[in-house]
Amino acid sequence: MALPLVKADGTPWKRVLETEIAAASMMSARSVLTGHPADGLDPSRLVDILRSAEDGNAIEYLELAEAMEEKDPHYASVLGTRKRQVSQLPITVEAASDAEADQAKAQLVRDWVKRDTLQSEI
């Protein structure tokens, strides 16, 4: 049986959080399936993560980058500075070629970028 938590004056602490508020689930922002690629990381495992990212499967690479950002305050600070700099750059769209279809696609994206709500969404 667990002993109740008491304050310095002997009065018991009141339980505030009786239910879980922001639990992870399959379809939420807090995914149940996130990995921790930094656990047990060795050179061969790192090579596997980097090669997998080069082949188009970047999930573990991005999870590793997120873990690095969370664990290293200096890295997080420098990365935050870069993110804020990039977010202030103007958004430009160039067509992939001079073909009419590519020009139309580029114009569609330009129109989407120019809408009023995009800046608040970013």
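Between Y75 and A65, the shortest heavy-atom contact is CE2-O, 4.4 Å.
Distance alone, capped at 3.5 Å, is enough to place a donor-acceptor pair between the R84 side chain and the G80 backbone. A distance-only check finds no donor-acceptor pair linking the side chain of S52 to the backbone of I49 [under 3.5 Å].
More than 12 heavy atoms of other shown residues, nucleotides or ligands fall within 6.0 angstrom of atom CD in Q85. Within 6.0 Å of atom CG in L46, more than 12 heavy atoms from other residues, nucleotides or ligands are found, so the atom counts as buried in its surroundings. Residue D111 qualifies as enclosed at atom CG: its count of foreign heavy atoms under 6.0 Å is above 12. Residue R110 places its CZ atom among more than 12 non-hydrogen atoms of other residues, nucleotides or ligands, all under 6.0 Å distant.
With respect to the salt-bridge test (charged N to carboxylate O, under 4.0 angstrom), the residues K83 and E69 qualify. For the pair E60 and R45, the salt-bridge criterion is met [side-chain N within less than 4.0 Å of a carboxylate O].
Under the 4.5 Å side-chain heavy-atom criterion for Ile, Leu, Val, Met, Phe, Trp and Tyr, L64 and L62 are members of the same hydrophobic cluster. W112 and V93 end up in the same hydrophobic cluster when Ile, Leu, Val, Met, Phe, Trp and Tyr side chains are linked at under 4.5 Å. Using a 4.5 Å cut-off between side-chain heavy atoms of Ile, Leu, Val, Met, Phe, Trp and Tyr, with links allowed through other members, V78 and M68 fall into different hydrophobic clusters. I91 is not connected to L108 by any chain of hydrophobic side-chain contacts under 4.5 Å among Ile, Leu, Val, Met, Phe, Trp and Tyr, and they are in different clusters.
H74 NE2 to L79 CG: the interatomic distance, rounded to the nearest 0.5 Å, is 11.0 Å.
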